[in-house]
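Accompanying notes for the structure given below.
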Amino acid sequence: MECPRDYLANFDAHIAASYSAADNSSLLDPCKQRGMILTSTVVVLSSGPTIKSEDVQAQCDLSQVCVIPPGLTLTMTENLNVGALSIQGSLLWTDETQLAQDEMYLCAGYVVTKTGGNFHMNLSSPSK
């Protein structure tokens with residue numbers, strides 16, 4: 001077990017290994033909310049237990065609260081930009097789901113996981 005003093009002495013290395021911030025303006029620009037007012041709520045529909053982010057994007061826009069209902073898993077395969085995201089089911093974002101591109105984003109005025117919801121993100125590839 002690491003001593004607290006050792007942890008603090010290596011704090012920058014710990015943060016570098018565990019945290020990443022977007023620094024690419026091509027990724028940040030689409031995420032800048034332009035004063036959008038949330039006007040409605042959309043409960044995402046799917047014919048199966050999973051739905052890809054591009055299919056969610058087709059159902060929700062920047063003026064809507066997008067709800068992932070219980071029993072449905074949103075798989076992050078492409079960029080997603082919505083007014084807000086309420087996860088009552090699951091969101092899955094891993095190296096395996098993010099195959100199409102190295103850099104990908106989820107933009108929302110807010111993201112909330114409701115009781116019973118699950119947000120699972122595990123990107124271990126240094127390029128993602």
Side-chain angles (χ1 to χ4, degrees):
M1 181 171 176
E2 191 172 37
C3 169
R5 186 176 2 177
D6 293 337
Y7 174 78
L8 292 176
N10 295 305
F11 185 77
D12 290 339
H14 289 296
I15 293 301
S18 64
Y19 176 77
S20 177
D23 61 0
N24 181 332
S25 66
S26 67
L27 290 176
L28 294 175
D29 288 345
C31 294
K32 293 178 181 173
Q33 301 298 329
R34 293 171 175 80
M36 296 297 291
I37 296 173
L38 300 175
T39 59
S40 62
T41 298
V42 174
V43 178
V44 173
L45 300 174
S46 177
S47 60
T50 63
I51 188 167
K52 293 180 179 180
S53 50
E54 56 266 32
D55 297 325
V56 170
Q57 188 68 74
Q59 295 183 43
C60 301
D61 66 30
L62 290 174
S63 68
Q64 298 169 319
V65 177
C66 189
V67 178
I68 306 303
L72 183 61
T73 297
L74 163 58
T75 303
M76 289 298 296
T77 53
E78 296 287 335
N79 297 328
L80 181 59
N81 192 355
V82 296
L85 183 63
S86 176
I87 304 167
Q88 298 174 5
S90 298
L91 183 144
L92 178 63
W93 192 348
T94 65
D95 291 327
E96 290 75 31
T97 67
Q98 185 179 327
L99 292 174
Q101 52 197 350
D102 282 341
E103 296 180 333
M104 196 167 75
Y105 61 80
L106 165 61
C107 298
Y110 65 85
V111 176
V112 63
T113 302
K114 299 281 188 152
T115 301
N118 180 33
F119 188 114
H120 178 80
M121 181 179 206
N122 184 7
L123 297 171
S124 57
S125 171
S127 66
K128 295 183 181 180

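- For Gln59 (side chain) and Val42 (main-chain N/O), no donor-acceptor pair under 3.5 Å exists by modelled atom type.
- Across every non-hydrogen atom of Met76 and Tyr105, the tightest pair is CE-O, 3.9 Å.
- Of the inter-residue distances, the one linking Gln57 atom CD with Leu62 atom CG reads 7.5 Å to the nearest 0.5 angstrom.
- We find the NE2-CG distance between His120 and Leu91 to be 10.0 Å, quoted to the nearest 0.5 Å.
- Atom OG1 of Thr73 is separated from atom NZ of Lys52 by 14.0 Å, given to the nearest 0.5 angstrom.
- Remark: the backbone N or O of Ser63 is paired with a side-chain donor or acceptor of Thr39 at under 3.5 angstrom.
- Here the shortest heavy-atom pairing between Ile87 and Val111 reads CD1-CG1, 4.0 Å.
- Linking ILVMFWY residues whenever their side-chain heavy atoms come closer than 4.5 Å, directly or via other members, leaves Val56 and Leu45 in distinct clusters.
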- [ ] Applying side chain to side chain contact (heavy atoms under 4.5 Å, CB included), run through Val44 and Cys60 and close with a yes or a no.
- [x] CA-CA 8 Å; Val44 173; Cys60 301; 4.1 Å; yes
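- To the nearest 0.5 Å, the span separating CG on Leu92 from OG on Ser53 amounts to 11.0 Å.
- We find the CD-OG1 distance between Glu54 and Thr77 to be 3.5 Å, quoted to the nearest 0.5 Å.
- Remark: Met104 CE to Leu99 CG distance equals 9.5 Å, nearest 0.5 Å.
- Checking side-chain atoms of Thr94 against main-chain N and O of Asn122 turns up no donor-acceptor pair under 3.5 Å.
- Under a 3.5 Å cut-off, the side chain of Thr113 and the backbone N or O of Gly117 do not form any donor-acceptor pair.
- Members clustered with Val112: Leu38, Val43, Val65, Val67, Tyr110, by chain and number, using a 4.5 Å side-chain heavy-atom cutoff among hydrophobic residues.
- Contact record, Gly48 with Leu72: O-CD1, 3.5 Å, taken as the closest heavy-atom pair.
- For the pair Ala108 and Ala84, the tightest heavy-atom approach, listed with the atom from each and the gap, is CB-CA, 4.0 Å.
- Ile68 and Ser90 get closest at one heavy-atom pair: CG2-O, 3.9 Å.
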Open item on the list: One pair to check against side chain to side chain contact (heavy atoms under 4.5 Å, CB included): Leu85 and Leu106. What are the steps and the verdict?
Closed with: CA-CA 10 Å; Leu85 183 63; Leu106 165 61; 4.1 Å; yes
